[in-house]
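Structure incoming, see below.
Residue numbers begin at 1 in each chain, while the letters A, B, ... track the order of the sequences.
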Protein chains: 2
Amino acid sequence: MATGRTHRPATRSRGIPEATVARLPLYLRALTALSERSVPTVSSEELAAAAGVNSAKLRKDFSYLGSYGTRGVGYDVEYLVYQISRELGLTQDWPVVIVGIGNLGAALANYGGFASRGFRVAALIDADPAMAGKPVAGIPVQHSDNLEKIIQDNGVSIGVIATPAGAAQPVCDRLVAAGVTSILNFAPTVLTVPDGVDVRKVDLSIELQILAFHEQRKAGEDAHTDGTGPAAVTREEPTEAAASADQGPDGDVPAVMPA
Amino acid sequence: MATGRTHRPATRSRGIPEATVARLPLYLRALTALSERSVPTVSSEELAAAAGVNSAKLRKDFSYLGSYGTRGVGYDVEYLVYQISRELGLTQDWPVVIVGIGNLGAALANYGGFASRGFRVAALIDADPAMAGKPVAGIPVQHSDNLEKIIQDNGVSIGVIATPAGAAQPVCDRLVAAGVTSILNFAPTVLTVPDGVDVRKVDLSIELQILAFHEQRKAGEDAHTDGTGPAAVTREEPTEAAASADQGPDGDVPAVMPA
DNA sequence: CTATGTGAAACTCTTCACAGCT
DNA sequence: AGCTGTGAAGAGTTTCACATAG
């Protein structure tokens, strides 16, 4: 597989496949649940079921991390939780800032899934002066004038953008200039960033549109509003669209902006 | 990741690849923006840039829809908007219900991106009696006792789950029993659904974890990591992998260990 | 000449199936 | 025996590069 074969199976590292990385959080969640129930070990079959993937894929995924299982037995839950956490970088503290404290920003601030995974909301930032000082999820909102200072003082490298579409790029530019190198973007806009900066995007309306596409397929024969294209209807198997993954850095244009 | 069941031959009809379907909303948004600026035609190169993909991919994607371009010229914006909308099923009305009107549910109800794409929030549903009747985004919240009736009366086939994790599966079961066949899940849980039901999931903490993974990698390459060894905390080299005992005949012991 | 549409090559990801530990 | 770890085959996706239509 790898070209350079040194001594040890230097195979991995350069490459945990992106698809595998995207599933690690899934395994981690399932494992955490088992851990809380004090289950000591788990087989690839059981864990796969809990995570909603098939066992061959799970074993292959784990093989990229190393040989952490025991043949004939399974995986040690605690050990695996630790290894995956470490691989994902969750054994360290990640201060994040959320910019744009509207409905969505507030929801994110209140979202428990962050804190429980090593992410700490270091600050909430909004451009509206009226919001300044107002606590959301127990954290006082700060005005965006102080964005740069907040980033630097807290050593923030991950920023979450939950602003209206129009404000996203300017906010992004300021975050990057201040030192942020990873951005999670909820605004329906394509963000342009310099090399070395990572952007992931979550677009609610895109997810719905994908569902609509499949839904339309299912509807099949009947209602085809404007049937220009009869399109040999065929019920494609639903799927199992992988969890998230894909969705590169893009998106674009408003048309309508979130609150 | 819907639930796994077996795969079936699945009649391949007019099979648009899943990867392509996932990008159509992206193109649509870019095209809509061009349309609003009254741009009549666009080349694959320009449109690709606006959507954040490369032009070869875009042309290949469009080739699955048909030959809607003109060689030597480009694509007619209005025409493409229509064709993609139709392909995605957005020329018809999709009533959706949002279940779980907490911070996130409210944010979704207020999200403009839905309405602008043929999605209509038919109802907001919450299990808390205190929420009943209270308007969110101009729509009165209804109690979940009426879930089935609401689904049926409105002919809803797409449901959005924004409840706490524990309530997601029961809500999902009720939605499906009432006739919903597509679900967008925001709760951090794997939903089990019968064949024919499509589930897509958006998990906020997973996105952040993926960013953390890459962020960690960057830090490693920047020769930052203290010094167990030469840079790289990524396990390309033994570096710290050795320290964490990743093989050893039985070495999988470290229950917890310092970073 | 220009820019699309598309076979074919290159890659990536998934699934199979079984060798090899325990 | 039981279950992991993994080459190898298969499926799906992206990229290349150029024939072809306008």
Side-chain angles (χ1 to χ4, degrees), chain A residues 1-3 5 8-9 11-12 14-24 26-27 41-49 51-77 79-80 83 236-237 239-248 250, chain B residues 1 4-10 12 15-24 26-27 41-49 51-77 79-80 83 246-252:
Chain A
M1 234 173 214
T3 18
R5 189 160 222 118
R8 287 240 43 158
T11 321
R12 65 260 236 205
R14 189 81 259 167
I16 295 177
E18 199 48 42
T20 294
V21 172
R23 281 186 295 266
L24 292 182
L26 224 59
Y27 301 143
T41 63
V42 64
S43 69
S44 62
E45 204 69 57
E46 296 164 332
L47 183 55
V53 303
N54 75 48
S55 65
K57 190 186 289 181
L58 176 146
R59 288 200 303 278
K60 184 60 118 182
D61 283 341
F62 286 179
S63 80
Y64 292 116
L65 307 183
S67 293
Y68 296 148
T70 304
R71 295 175 197 232
V73 179
Y75 300 92
D76 180 277
V77 173
Y79 184 58
L80 204 44
Q83 289 299 344
E236 164 89 43
E237 243 289 301
T239 327
E240 127 125 97
S244 69
D246 37 282
Q247 247 75 314
D250 357 60
Chain B
M1 62 168 39
R5 45 40 320 253
T6 20
H7 351 39
R8 185 182 32 171
R12 160 186 299 280
I16 297 178
E18 194 54 37
T20 294
V21 172
R23 282 186 295 267
L24 292 182
L26 225 62
Y27 301 142
T41 62
V42 64
S43 68
S44 62
E45 205 69 60
E46 296 164 332
L47 183 54
V53 304
N54 77 47
S55 64
K57 190 187 289 182
L58 177 146
R59 287 201 303 280
K60 183 60 118 182
D61 283 342
F62 286 179
S63 79
Y64 292 116
L65 307 183
S67 292
Y68 296 149
T70 303
R71 295 178 195 230
V73 179
Y75 301 90
D76 180 275
V77 173
Y79 186 57
L80 247 196
Q83 289 299 345
D246 62 329
Q247 35 24 31
D250 178 271
D252 25 321

> Is any side-chain heavy atom of B:Thr41 less than 4.5 Å from a side-chain heavy atom of B:Thr70?
Replying inline: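 With C-beta onward as the side chain, the pair stays apart.
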
>> Nearest whole Å is fine: how far is D:dT13 C1' from B:Arg23 CZ?
In response: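 Computing the B:Arg23:CZ to D:dT13:C1' distance gives 8 Å.
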
> Taking CG from A:Asp76 and P from C:dT22, how many angstroms apart are they, rounded to a whole number?
Replying inline: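 From A:Asp76 CG to C:dT22 P: 15 Å.
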
> How long is the line joining CG of A:Leu58 and P of D:dT6, in whole Å?
Replying inline: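 After rounding, the reported distance stands at 14 Å.
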
> Rounded to the nearest Å, what distance is computed from the CG atom of residue A:Leu65 to the C1' atom of nucleotide D:dT6?
Replying inline: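 Taking CG of A:Leu65 and C1' of D:dT6, I get 14 Å after rounding.
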
> Between A:Tyr68 and A:Tyr79, is the ring centre distance below 6.0 Å?
Replying inline: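 Yes, close enough.
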
> Can you find a pair of side-chain heavy atoms, one from B:Phe62 and one from B:Leu80, that are under 4.5 Å apart?
Replying inline: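 Side chain of B:Phe62 against side chain of B:Leu80, heavy atoms only: contact under 4.5 Å found.
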
> In Å, rounded to the nearest 0.5 Å, how long is the span from CZ of B:Arg59 to CG of B:Leu47?
Replying inline: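 Reported to 0.5 Å precision, the distance equals 11.5 Å.
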
> Counting only side-chain N and O atoms of A:Ser44, is one of them less than 4.0 Å from OP1 or OP2 of D:dC3?
Replying inline: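 No, no such contact exists.
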
> Between atom CG in A:Leu47 and atom P in D:dC3, what is the gap in whole Å?
Replying inline: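 Nearest whole value for this atom pair: 14 Å.
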
> For the pair made of CD1 in B:Ile16 and P in C:dT6, what is the distance, rounded to whole Å?
Replying inline: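 Checked: the CD1 to P distance equals 14 Å.
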
>> Please report the distance, rounded to the nearest Å, between CG in A:Asp61 and P in C:dT14.
In response: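 Rounded to the whole Å, the gap is 7 Å.
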
>> Other residues, nucleotides and ligands only: do more than 12 of their heavy atoms fall within 6.0 Å of CD on A:Glu18?
In response: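 Yes - once you tally the heavy atoms of other residues, nucleotides and ligands closer than 6.0 Å, there are more than 12.
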
Pairwise N/O distances under 3.5 Å, protein to nucleotides 15-19 of chain D:
residue: D:dT15; atom: OP2; partner: B:Asn54; partner atom: ND2; Å: 2.6

>> Would you say that B:Val53 contacts B:Arg23 through its side chain, given a criterion of any heavy-atom pair below 4.5 Å between the two side chains?
In response: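 Of all side-chain heavy-atom pairs linking B:Arg23 with B:Val53, at least one is under 4.5 Å.
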
> Within the structure, does a side-chain N or O atom of B:Tyr75 lie under 4.0 Å from either OP1 or OP2 of C:dG5?
Replying inline: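 The answer is yes; a side-chain N or O of B:Tyr75 sits under 4.0 Å from OP1 or OP2.
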
> Could you give the OH-to-P distance, from A:Tyr64 to D:dG7, as a whole number of Å?
Replying inline: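 Rounded to the whole Å, the gap is 10 Å.
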
